[in-house]
Participant: 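Have a look at this one before I ask anything.
Side chains included, hydrogens not; waters and symmetry mates left out as well; all remaining heavy atoms used. Numbers here simply count residues along the sequence, with the first being 1.
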Amino acid sequence: MDESSLQLVSEIGRHLAHRTRPNKDFLVKSLGKAANALALIKQSPQPRTAKEVQAAKKQEDALKPLANAVVCGGLLQHADKEVRLLVAMCVTDLFRIMAPVPPFEDKHLRDVFKLIISLFEDLADTASPFFSKRVKVLETMAQLKCCVIMLEIDCIDLVLEMFNIFFSVVRDEHLLISAMTSIMINILNESEEAFQQLLEVILQNLIRQNKDAIFTADKLAASVIKACAQEDELNSLVCGFLTTCIHDRDAMGSELKEYYNEIFSKVFQCAPEMLLDVIPSLIKELSADEVDVRIKAVNLVGMLFALQHHVVQKYHELFVEFLKRFSDKSVDVRISALQCAKAFYLANPYDGTESREIMTSVGDRLLDSDDQVRKQAVLVACDIFSSNLKLVSSKLLSQATERLRDIKITVRKSALQKLIKVYRDYCKKCYEGSMTISDHFEEIPCKIMMLCYDKDCKEFRFQNIEFVLANDLFPEDLSVEERTNHWMHMFSLFSFPHEKALDTILTQKRRFQNEMKSYLAMRKKLKEICPEETQKKIEIMFTKIAAFFPDSHKAEECLHKLNQIKDNSVFKLLEKLLEEQAFTTIGQTMKDKHLVMIGDSNPNYEFLRLLFSKCSSNIFSSEHVKCILDYLSNNENGNKDLEDSSANLLLAIVRNFPSMLKGLEKQFQKLLEQKSPVNDKLIEVIAKAGSHMSFNHSDIYPLLKRICLDGTRRQAKFAGSAIAALSFEQSVFRKLYEELVDSLYSKRNVPTILQSLGFIAQYSVSNFETQVEEITSYICQKIIQMEHLDDGHYATSFHDTSQCSESCRLKIYGLKTLVKISLHCEGSHVKHNINGVLDILSRMLRESDNFISIATGSCESDKAHIRLAAAKAILRLARKWDLHITPDIFRFTILIAKDSSFFVRSTFLSKTQKLLKEHKLPIRFACAFALAVTDGTDDLQYQNYKYMREFIKDYSILARRRQTSAVQGVIIDYPAYILVFLIHVLARNNDFPFEVCQDEKPYADLCSPLFFILQALVDISIVEGAQDIVNDAVLHVISIFRAIRKVEDAIDAQITPLHMLAEIGIFILNEFNHGGISVLQTPGQILLPSSLYRVSLIKNDTSSKCPKSFFDEKFLSRVFHALKESTVPHGYAQKPAKTLPKHGHKGQQDVKKSNVNIYGVLDSASSKPDDLSRREIANAKAVRPNIPSVKRGKCVPSSGSGTVGLHECSMTEKQQKIASKHCEKTIERNMLSSSDSVRFKGSLTESHVPTRKSKRAAACSSENAVTSSKHTVEPSKCRRTKRKDTCGSKLM
């Protein structure tokens, strides 16, 4: 066969040599035959004998014509691809047959290889019919290893070109990659000088990112690297290159030095064993000075650890250095380390020590000083949690959830998003059964709930958190039963702030739904009633409704657009959503259907989505309530904590949505009959939702009645409310009342009976009124004033921090019942008894020893609790009976703020603050905060400042709102008015130095409450920068001090500290305002309680126009500094008001500002006319219009810009009737409507002619004038105005 093939090849070679210009067809036909023939010729073995040499010579001679024809006939440069392919096939077979001797001379080899390399370039065309033949050529060249000849003939450029062509045309074909790899490895093994260049080409393609998936240059490069790893010499050369990059990269000329980390990473992925000796060198990279070098090293080492865990164990020092990068000084390095931590943990979740150390480092970064690092730490931690929820570290989870309280809003937002995802994944796992409910994960929604208190970010307001709880917290397809299970476990972890936040969210939702119902109802009646009036009401409604949305302005605009829609389908859907109490109903489908119809491209789509959500029962529903009742009914495990939390959750839902219990009455009643441990809470549920439930009264009443008679006080409290909520007939109340009275007289379960009587007084007044006097007398004589009681005197827990005896507790219970009777019952008996009750309370405050049994072992504790109970009782009674609270009772009450017992002080102040915040207490009781300022406990001092700040802020804003409808200049609504009562209390202090002394300490000690209030009143930060409110407060204080310096104590005229205190107060205020303010106007009338103050009975002479000065300025300065050092707590920020801007009232625009020194307004007679010190009035010529200016005398008289009214709360039967029926309105009115007034006349300079303003102010005095010691009082009338506070005093 070889003979004939050789002969054919030889003939073809001769024919080709004789043809000078052969055409393509001839060439293709001839070369095709030659290629086929050559393929049949086998490679001859190396000749050893003469015969073999002769045969080899013969073969060479036969092939030589074809070889000569190829190189000399121009076939190597032929333009046709098919011809070139056939030439290449012949050439490769010639190389095969003639090996190891090249079939061509050296001068022709370059052209031969150029032809073959150009053929490789066509390998990119895989669809070509010649592709398989080209692959055959590639495989033959790889097998023959003849490409190394290019190195021998110095064709390095051709080798580089071939390498680059390989990487550009390679496809994901095993044959191609294998053959190309073989060729390149053969060349690399033989190259020395060109090795660096060739290796760079390979490494460049190793890190090359191909966008086209069909190109696999990186795979080819990885294949070459893997093959190099098997070759010791090549292995050492590659490692040497990488080592040079690490240790001496600046000296390298290669462009790859910038990418050595990527190269290192890729090499490690394909041939990790190649780099084992190089890895220790990375320690230097991790600790390099350059930040970018450390970042790359961290990423590289992190990748190494993630790919090959044994590297961590083998190179522990490298791991230690890697951990140090978590606390690197560079933020970017720390972030990179965190990103690597995620990859490390995901690759090695079950590892022990190293994974724990990585998690510890991540936890440390959650507290990093940089917010970007903390944000990244949260993202990494949450991704780790989601990867395997079962292996979550509870400590790390707790640290991550704490980032919801981060100081940076961006961190809080990221934490919220990621933790919600973690919690959703956890809920899915629980539903699938692969996890059980865990407290660690249930802490996530608890912390989310606390975001409601974040005032810095509008995304965390209650309006937004509602949507988080409704739409984001749980997976959409999670069943109501599963949601309820999570809610119950979650609620078991709630503290008071959590419950308050949830209650606020639900309360806002309820209010929103009520407003929407009102709007929809009014919209239906739009045509029936006046359209204009209805439209105004709708606009008001829209303002209220919009406030429940995250963006109220946008919501209000959308509501107006919604109101213009004529299609009623949207409004019908809203009505259905509001009526439906179930969670999964057709309403949900309708809602989704409407949203699809609207389309998310609609500009109002997002608003409507939120509107539909808020109208639906998307957080809790009647189904949730049923699930809770099912759990309580079938709680076989006896988990008491979860049972309690379930009942508390039920109560939280029903408190806002009582109608969700409709239809569940039978199940609820069965649960009550089981005598469950949570029956107390179930009864409370009835108290809240009874009006929405349909019980058979004969079934439920016996249970409630038994509780009222034999249960605990707490049970009786809610049982009574439940009876009232279920709307029983009055005959039921009457019978119950009779049984309660019998039980009281028989001394059976007295504490509970007293509680039940209190509820009868509250809910069934008609049944109580007939025996009010009798029961009140019994409680007073047989319980409160009895020294020994029959119930024993063992000590029991009364409060978390204190104890009192059973006897003491019973007296307190009796006192509470008296208060309820006094507050809720009407009639002459109650009015008659209130003075007796107040007398008992007064004695309790002053003589608590007389109300305790000496035999008890808790004497001091009992006395403290008696005082506290009496003080709290007066606070509650003050709302209705403040007119009857005498100055002494008031003084004894607020002095409880200085009680010897810390428990009594703190509890009393907390109760006072609560009632003031709810506007259920006259403002004068806020004096208690000032009296407690000297308390030695830092926590209580801080709390007092907090209470006072809240009081001043709330009541200042409220008073300003009322100013438009109030009598001009009357200031009894303003916080500053409490000074009127505080000064009187301070003046009656027995320790006050009546004789002026030069020791400032006694004055500083006694005046600290005054200092405290003045400091708070001028603190602009309290009223959020509202300068006008501070200005008003300063003017009010000035007016009060002026008025007090004109009067004397109504109880004891010999007491002079009133004027001393006023003088000290003026100086303090002057110091706070840095020596001067601009005075534009002062209140037209200052009303002082006639029960506390009266006009001085001493006849004034000419010099009496200047109030007497008790102290010189230096002494007052010493007092001020002593007060400042002893009273001002550390860190209390005080921003004084410097100037008072002009009010924008008409007629004042042209009034020139007068810089009047506060102290100078009430200066003493010793001031000289030319005195330019701080005690003088500046610019005295600038006065108000209509006030005649006169020459300034030797002393400056007190201002008479208005009048000073002394008012007294009337004791007439008419006013008592008003007080009993309309307690709040009477309290508000009596300050003006029944006041005794005396007018004082004057001006800033001197005038005995009353101005128009003075007359108008004087007209606000009472109708019922009272004559006071030679002073003529002119009766005048004033219109009634609403006043929240009153003097709370009567003339004794």
Participant: Measure across Val819 and Ala873 and return the closest heavy-atom pair with its distance rounded to 0.1 Å.
Facilitator: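 Here Val819 and Ala873 meet closest at CG2-CB, 3.6 Å.
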
Participant: Report yes or no: is the cationic atom of Arg510 (NZ for Lys, CZ for Arg) closer than 6.0 Å to the six-membered ring centre of Phe657, at no more than 45° off its axis?
Facilitator: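 Pair Arg510/Phe657 does not count as cation-pi.
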
Participant: Verify, without hydrogens or angle tests, whether Ser842 (side chain) and Leu838 (backbone) share a donor-acceptor contact under 3.5 angstrom.
Facilitator: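 No.
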
Participant: Are side-chain heavy atoms of Leu651 and Lys688 found at a separation under 4.5 Å?
Facilitator: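 The answer is yes; the side chains approach within 4.5 Å.
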
Participant: Considering only heavy atoms from C-beta outward, does the side chain of Leu877 approach that of Val837 to under 4.5 Å?
Facilitator: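 In contact.
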
Participant: For Ser900, give me all partners under side chain to side chain contact (heavy atoms under 4.5 Å, CB included), at least two apart in sequence or on another chain.
Facilitator: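 Once residues adjacent in sequence are excluded, the partners of Ser900 under the side chain to side chain contact (heavy atoms under 4.5 Å, CB included) criterion are Arg867.
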
Participant: Quick one: CZ on Arg655 to CG on Leu502, what's the gap to the nearest 0.5 Å?
Facilitator: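 Here the interatomic distance stands at 9.5 Å.
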
Participant: Between Trp881 and Ser822 (side chain of the first, backbone of the second, donor and acceptor by atom type, cut-off under 3.5 Å), is there such a pair?
Facilitator: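 Pair found, side chain donor or acceptor close to backbone of Ser822.
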
Participant: Any donor and acceptor pair, going by atom type alone, linking the side chain of Lys820 with main-chain N or O of Gly758 inside 3.5 Å?
Facilitator: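 It does not hold such a pair.
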
Participant: For the backbone of Asp899 and the side chain of Arg905, can you confirm whether one donor and one acceptor N or O come within less than 3.5 Å of each other?
Facilitator: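 Here the side-chain-to-backbone pair exists.
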
Participant: Assess whether salt bridge (Lys or Arg N to Asp or Glu O under 4.0 Å) is satisfied between Lys914 and Glu918, documenting all intermediate values.
Facilitator: CA-CA 6 Å; Lys914 180 178 181 295; Glu918 296 171 354; 3.0 Å; yes

Participant: Of all the heavy-atom pairs spanning Leu845 and Ala871, show the shortest one and how long it is.
Facilitator: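 Of all heavy-atom pairs spanning Leu845 and Ala871, the closest is CD2-N, 3.8 Å.
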
Participant: Parallel, tilted or perpendicular: which fits the ring planes of Phe981 and Tyr977, with parallel below 30° and perpendicular above 60°?
Facilitator: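 Geometry flag for Tyr977 against Phe981: perpendicular rings.
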
Participant: Say you draw a straight line from CG of Leu740 to CG of Leu736; how long is it, rounded to the nearest 0.5 Å?
Facilitator: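 Those atoms lie 4.5 Å apart.
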
Participant: Parallel, tilted or perpendicular: which fits the ring planes of Phe494 and Phe491, with parallel below 30° and perpendicular above 60°?
Facilitator: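 It falls in the tilted class, 30° to 60°.
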
Participant: Checking Tyr813 side chain against Arg713 main chain: does a donor-acceptor pair fall under 3.5 Å?
Facilitator: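 Checking the backbone N and O of Arg713 against the side chain of Tyr813, no donor-acceptor pair under 3.5 Å is found.
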
Participant: Could you measure the distance from the CZ atom of Arg891 to the NE2 atom of His984? Nearest 0.5 Å is fine.
Facilitator: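 Spacing of CZ (Arg891) from NE2 (His984) equals 8.5 Å.
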
Participant: Report the C-alpha distance between Lys735 and Glu738 in whole Å, list the side-chain angles of each, state the deciding distance to 0.1 Å, and finish with yes or no for salt bridge (Lys or Arg N to Asp or Glu O under 4.0 Å).
Facilitator: CA-CA 5 Å; Lys735 291 178 181 178; Glu738 292 171 356; over 6 Å; no

Participant: Just by distance, no angles: are the side chains of Arg748 and Ser743 close enough, under 3.5 Å, to form a donor-acceptor pair?
Facilitator: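 Side chains of Arg748 and Ser743: pair found under 3.5 Å.
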
Participant: Apply salt bridge (Lys or Arg N to Asp or Glu O under 4.0 Å) to residues Lys717 and Glu684 and explain how you reach the verdict.
Facilitator: CA-CA 9 Å; Lys717 174 183 177 182; Glu684 188 174 354; over 6 Å; no

Participant: Supply the atom-to-atom distance Ile889 CD1 to His884 NE2, rounded to the nearest 0.5 angstrom.
Facilitator: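 Result: 11.0 Å between the selected atoms.
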
Participant: Show, in sequence, the C-alpha distance, side-chain angles and deciding distance for Leu931 and Ile896, and conclude whether the side-chain contact (heavy atoms from CB on, under 4.5 Å) test is met.
Facilitator: CA-CA 9 Å; Leu931 293 173; Ile896 293 295; over 6 Å; no

Participant: Please tell me if the side chains of Val980 and Pro1089 come closer than 4.5 Å, counting only heavy atoms from C-beta onward.
Facilitator: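 They are in side-chain contact.
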
Participant: Out of curiosity, Phe908 CZ to Ser901 OG, how far, rounded to the nearest 0.5 Å?
Facilitator: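 One finds 13.0 Å between CZ of Phe908 and OG of Ser901.
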
Participant: Would you check, one step at a time, whether the test side-chain contact (heavy atoms from CB on, under 4.5 Å) holds for Leu672 with Ile686?
Facilitator: CA-CA 11 Å; Leu672 276 175; Ile686 300 177; 3.6 Å; yes

Participant: Are any side-chain N or O atoms of Asn749 and backbone N or O atoms of Leu709, one a donor and one an acceptor, separated by less than 3.5 Å?
Facilitator: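 Yes, the answer is positive, given that a donor and an acceptor are paired below the 3.5 Å cut-off.
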
Participant: Would you say the side-chain atoms of Asp862 pair up with the backbone N or O of Cys808, donor to acceptor, closer than 3.5 Å?
Facilitator: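 Such a contact is absent between Asp862 side chain and Cys808 backbone.
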
Participant: Is Leu650 close to Val678 at the side-chain level, that is, under 4.5 Å between some pair of heavy atoms?
Facilitator: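 Sidechains of Leu650 and Val678: no contact.
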
Participant: Kindly say whether Thr712 contributes a backbone atom to a donor-acceptor pair with the side chain of Gln715 at under 3.5 angstrom?
Facilitator: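 Here the side-chain-to-backbone pair exists.
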
Participant: Report the C-alpha separation of Arg846 and Asp888 in whole Å, then their side-chain angles, then the decisive distance to 0.1 Å, and conclude whether the salt bridge (Lys or Arg N to Asp or Glu O under 4.0 Å) test is met.
Facilitator: CA-CA 10 Å; Arg846 292 179 285 113; Asp888 282 341; over 6 Å; no

Participant: Would Thr507 and Thr504 count as a side-chain contact (heavy atoms from CB on, under 4.5 Å) if you check the C-alpha gap in whole Å, the side-chain angles of each, and the deciding distance to 0.1 Å?
Facilitator: CA-CA 5 Å; Thr507 301; Thr504 303; 5.6 Å; no

Participant: Testing Leu815, Val750, Thr817 for side-chain contact (heavy atoms from CB on, under 4.5 Å) with Ile779, which one passes?
Facilitator: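 Between Ile779 and the candidates, side-chain contact (heavy atoms from CB on, under 4.5 Å) is satisfied uniquely by Thr817.
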
Participant: With a 4.5 Å cut-off on side-chain heavy atoms, are Ser646 and Leu642 touching?
Facilitator: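 Side chain of Leu642 against side chain of Ser646, heavy atoms only: contact under 4.5 Å found.
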
Participant: Have Ser805 and Arg809 got a donor and an acceptor in their side chains that come within less than 3.5 Å?
Facilitator: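 Checked: Ser805/Arg809 side chains show no N/O donor-acceptor pair below 3.5 Å.
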
Participant: Below 30° counts as parallel, above 60° as perpendicular, anything between as tilted: where do the rings of Phe903 and His865 land?
Facilitator: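 Tilted: the ring planes of Phe903 and His865 meet at 30° to 60°.
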
Participant: Are Tyr955 and His919, when compared by the centres of their aromatic rings, separated by less than 6.0 Å?
Facilitator: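 For Tyr955 and His919, the ring centres are under 6.0 Å apart.
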
Participant: Describe, in one word, how the ring planes of Phe929 and Phe951 are oriented to each other, choosing from parallel (under 30°), tilted (30 to 60°) and perpendicular (over 60°).
Facilitator: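 The arrangement is perpendicular - the two ring planes meet at more than 60°.
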
Participant: For the atom pair CG (Asn648) and CD1 (Ile653), what is the distance rounded to the nearest 0.5 Å?
Facilitator: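 Taking CG in Asn648 and CD1 in Ile653, the distance rounds to 11.0 Å.
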
Participant: Test your reading of the model: is there a side-chain donor-acceptor pair from Ser910 to the backbone of Thr907, 3.5 Å cut-off?
Facilitator: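 Absent.
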
Participant: Can you check whether Leu823's main-chain N or O pairs, donor with acceptor, with Lys880's side chain at less than 3.5 Å?
Facilitator: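 Checking the backbone N and O of Leu823 against the side chain of Lys880, a donor-acceptor pair under 3.5 Å is found.
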
Participant: Mind checking whether Val985 and Cys927 have side chains closer than 4.5 Å, heavy atoms only?
Facilitator: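 No. Closest side-chain heavy atoms not under 4.5 Å.
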
